[in-house]
Colleague: 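Below are the C-alpha cells for one structure; questions will follow.
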Amino acid sequence: MRDPLGFDRLVDDALRSLPPRVLAHLEGIEVHVVETPPTAPLGTSHAAVALASYQTVRTGPRRAPRRGGRLTLYRRPLEARSRTRPELIALVQQVVVHELAHHLGLDDDGLDGLGWS
C-alpha cells in the first residue's frame, strides 16, 4: 500500500530515536503498519480502539524464551489520537515501548522501574 503521508517513515524515525536499551529488545521483531485493527467497528470510540498488537513467536518447548515476534501498529487510530507530528512520534514511541513491555513480561510498575514510563 502507498504511504503518501510518510507514516512508515515517521514510524522508522520514532523507532530509531528510542533509547539503545529499548532498541536492543526490538532485535528479531518485525514491525508492520496497517490502516486499522481487525476488530475496529465503525463508530467505535477512539479510546477503545487498539493502537497496536504484538504476537510472540516461540520456538522450542513451551517454557523456552521468546524469540521475536510481530509488532503491528494501526495508523488511523494512532493519527486520530495525535494533533501534531511530534505528538504522533511520541505516541508511536510510547506504544512501541508498551508493547515491548508485554513481550518482556513487564507491567506498568516494571516499566517505571526501567525508566520507560
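The shown structure was predicted, so the numbers you read here are calculated from the model rather than taken from an experiment.
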Colleague: Apply side-chain contact (heavy atoms from CB on, under 4.5 Å) to residues L73 and L51 and explain how you reach the verdict.
Modeller: CA-CA 6 Å; L73 300 169; L51 301 177; over 6 Å; no

Colleague: Just to verify, what does T72 make a side-chain contact (heavy atoms from CB on, under 4.5 Å) with, not counting sequence neighbours?
Modeller: H32, V34, S53, Q55, R70, Y74

Colleague: If you look only at pairs with a residue in residues 86-104, which of them pass as a salt bridge (Lys or Arg N to Asp or Glu O under 4.0 Å), with sequence neighbours excluded?
Modeller: R83-E87

Colleague: Could you tell me which non-hydrogen atom of P37 sits nearest to which non-hydrogen atom of V49, and how far apart they are?
Modeller: CG-CG1, 3.5 Å

Colleague: Restricting to side-chain hydrogen bond (donor to acceptor under 3.5 Å, both in side chains), what partner residues turn up for S17, sequence neighbours left out?
Modeller: Q93

Colleague: For the NE2 atom of H98 and the OH atom of Y54, what is their distance to the nearest 0.5 Å?
Modeller: 13.5 Å

Colleague: I'd like to know whether L91 forms a side-chain contact (heavy atoms from CB on, under 4.5 Å) with R81, so could you lay out the CA-CA distance, the side-chain angles of the two residues, the decisive distance to 0.1 Å, and finally the verdict.
Modeller: CA-CA 8 Å; L91 181 59; R81 294 221 191 149; 3.8 Å; yes

Colleague: Apply side-chain hydrogen bond (donor to acceptor under 3.5 Å, both in side chains) to D13 and list each qualifying residue two or more places apart in sequence or on a separate chain.
Modeller: R16

Colleague: Report the distance from atom CG of L88 to atom CZ of R85, rounding to the nearest 0.5 Å.
Modeller: 7.5 Å

Colleague: Drop me the distance from L100's CG to L26's CG, to the nearest 0.5 angstrom.
Modeller: 4.5 Å

